[in-house]
Amino acid sequence: MRRSNARAEAMSSYSFTDTRYRYESKQTGEQPLTRVEGRFTCRYAYGRAAETVKLSEQGQDFMAFSMNDQTCCFVLCDGVGLSYRGDVAARFLGQRLMSWLTAADQPSGAALEKRLKELTAEAEGEINRLEVDDGTPELLRDVLREKQRMGSESMYICGRIELPGRFQRKGRLWLAWQGDSRVRLWRHHQEVTAELGDRFRTTERWSTRTGPIGGKPHEYECRLDQGAGYRLQLYSDGLNDLDPLTELIPDEQVQVLFNARHTDGLEDDASFLEIVW
Amino acid sequence: MNYTIQASQRTPALIIYLIDISASMNMLMEDRRRIDIVYDALSLAIRQMVFRSTKGNRLTPRYRIAILAYSDDVYDLLNGIKGIDEIAAIGSLPDLTPKRFSDSAKAFLQAERILQAEIPNMQDCPAPLVCHMTDGVATGDDPEPIARRIMSMSVPDGNVLVENIFISDHLLDQPIAEPRRWKGILPDTDLKDEHARKLMNMSSVLPESYREMLVEADYQLSPGALMMLPGTCQELVSIGFQMSAATPVR
């Protein structure tokens, strides 16, 4: 595999072997657009809102993926800013979903829903251990403690791509999500995102206290043909400038969106992952 | 012009409260003084704004607020516009003490002056909102022409919104049994009280984005409802103040 990016990478975690690559965003820094090429070609980038950078705070998005010659697993979580410490829910959920996706024999909506409920016990413990600073003004402290009781929330998209192989004539794409982060799919270089349905809702997410909110996880599955020119794109709503664009966007232009010089930096946290195979 | 710009640190919402502190606010409603119910409802709205302004453990100033209490004069309770973070740092609102008359025109005039000074710097912000709470007939000049002028002021997000909370038992034919199921006052709703009809003319249509926020909070106001609440019980007064803080946020 080959990896390249525009600038030195400081604030991410990745590991690299001849056949395997893993990336996990750190929430404390930016990731310039980076390209990794193997049987899958991945482009990814991560940026925090200008306000968050200025105050050296954690981004509320979390993104991770891993890939080898046969399989690519990925997750993108967008912590809900109005919930208590959305950054914590996003990271917790993202890391657990990556472990689950990598280990699962055959991910499915039912298995995911069960997992999302199981995670709440551990997640709630983590949230309850967080302290609200005693120096915080009383009204704010009360509100934060109320939010803490209500839990932390995150939207998510996760999935797995299995390429056609020796024992599996056709490959498989499996996706699941709750919330309004974007996931778009191209086949034979034509956008076919409509196949996912109109099922991206702001009111749906995962909560550390109750698990899935607003209904069950949405699921999409399809068989994959050889050489059908697939492209899968995931991004958080901080990059909604991408919504009208259907053509492949050059690396430099994706980076321009992250730099957001016209607004003195990003107005919201932004994550971008594109997988081509 | 669709009231969809989100309140953020860069683009904060401006809300101006006009609170009637005439002598009649000493009268009782559900065994409490009207003024105390209003104070609690306003405090709850401030708390709601704090709730909607936290990110991580930090309070981002997504709202800017002015509170003008009026009787025969206007009293600027916060000494100008304050950020929600500054109000949270103070901890509680200044006391509301009833006085004598109810010159709402003076209060609307002061709100108009604030808006004239602020609007040139608010072109990327949510449309400002003026929330007026009263329990009776205005004793000074007619406030309607001033309110209409305010409603014609605008930013790209939309015209300035004017909301009225009218504490009165004589507004509607039927009492509102279930405030959460209530559909609101519509432009063709027949109001029994002449002053209520005047306030109706001074009330903006509830923007859809605000209505969606209220639906999320389990209030069932109809599309096209006016930003006018009959304060016949504590819950309706509270809904009125919550409505004022329903600017979209993420």
Side-chain angles (χ1 to χ4, degrees), chain A residues 27-28 48-52 54-60 78-90 130-148 150 152-153 155 179-180 201-203 213-214 236-238 240 260 262-269, chain B residues 4-13 39-40 42-63 65 78 82-94 123-126 208-209 211-218 242 245-250:
Chain A
Q27 296 179 297
T28 49
R48 292 171 298 161
E51 202 176 296
T52 307
K54 192 173 152 195
L55 294 160
S56 301
E57 292 183 338
Q58 304 242 84
Q60 302 223 346
D78 183 352
V80 175
L82 285 185
S83 72
Y84 183 70
R85 296 291 307 270
D87 57 313
V88 175
L130 297 172
E131 301 273 345
V132 176
D133 183 0
D134 283 341
T136 306
E138 190 180 342
L139 176 56
L140 177 57
R141 195 167 62 236
D142 282 356
V143 166
L144 289 172
R145 286 188 175 143
E146 182 188 345
K147 285 192 173 198
Q148 191 172 25
M150 294 164 72
S152 183
E153 297 172 1
M155 302 181 188
D180 65 358
R201 300 184 187 116
T202 313
T203 51
I213 291 180
S236 53
D237 65 346
N240 56 13
H262 59 297
T263 51
D264 291 329
L266 290 164
E267 295 189 326
D268 196 2
D269 299 331
Chain B
T4 52
I5 291 183
Q6 294 170 345
S8 69
Q9 185 164 353
R10 288 183 184 189
T11 58
Y39 185 89
D40 286 353
L42 182 56
S43 300
L44 189 63
I46 297 291
R47 184 186 171 89
Q48 183 187 340
M49 286 182 237
V50 171
F51 194 96
R52 301 177 85 213
S53 301
T54 54
K55 184 177 182 189
N57 277 335
R58 183 167 55 88
L59 184 54
T60 60
R62 290 178 175 166
Y63 293 88
I65 295 156
L78 298 177
K82 294 282 185 287
I84 189 67
D85 52 332
E86 296 172 276
I87 295 172
I90 296 165
S92 62
L93 294 173
Q123 297 304 300
D124 297 325
C125 298
E208 193 55 20
S209 56
R211 196 182 73 85
E212 284 167 8
M213 285 284 179
L214 290 163
V215 167
E216 267 186 46
D218 201 23
Q242 287 181 58
T247 326
V249 291
R250 278 197 59 75

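Bear in mind that the values here come from a model prediction, so they are computed numbers and not experimental data. In the text below, chain A, chain B and the rest are named by the order of the sequence lines, each starting its count at 1.
No more than 12 heavy atoms of other residues, nucleotides or ligands shown are found within 6.0 angstrom of CD on A:Glu131. The 12-atom threshold is not exceeded at CD of A:Glu138, counting heavy atoms of other residues, nucleotides or ligands nearer than 6.0 Å. More than 12 heavy atoms of other residues, nucleotides or ligands sit less than 6.0 Å from atom CG of A:Asn240.
In this structure, the portion of A:Ala49 lying under 4.5 Å from any heavy atom of chain B is its side chain and not its backbone. Contacts between B:Thr11 and chain A at a heavy-atom distance below 4.5 Å are absent for every atom of the residue. Proximity to chain A (any heavy atom under 4.5 Å) is restricted, for B:Ile46, to the side chain, taken from C-beta onward. Contacts of A:Gln60 with chain B are made by side-chain atoms alone, with heavy-atom separations under 4.5 Å and no backbone atom involved.
The minimum heavy-atom distance linking A:Pro137 with B:Ala88 is given by the pair CB-O, 3.7 Å. Annotation for A:Ala50 and B:Arg10: closest pair CB-NH2, 3.1 Å, computed over non-hydrogen atoms.
If you take CG on A:Leu139 and CG on B:Leu93, they are separated by 9.0 Å, rounding to the nearest 0.5 Å. Atom CD in B:Gln6 sits 9.5 Å away from atom CD in A:Glu267 (nearest 0.5 Å). Rounding to the nearest 0.5 Å gives a distance of 9.5 Å between CG of A:Leu144 and CZ of B:Phe51.
Of the candidates A:Asp87, A:Thr52, A:Leu55, A:Leu82, B:Lys55 forms a side-chain contact (heavy atoms from CB on, under 4.5 Å) with just one, namely A:Thr52.
Taking A:Thr203, A:Leu130, A:Asp142 one by one and counting their heavy-atom pairs under 4.5 Å with chain B, the maximum is reached by A:Asp142. Looking only at heavy-atom pairs under 4.5 Å with chain A, the residue among B:Thr60, B:Ile90, B:Asn57 that has the most is B:Asn57.
Counting heavy atoms from C-beta on, the side chains of B:Leu59 and A:Val143 never come closer than 4.5 Å.
Side-chain N or O atoms of B:Arg58 include none that pairs as donor or acceptor with a backbone N or O of A:Glu57 at under 3.5 Å.
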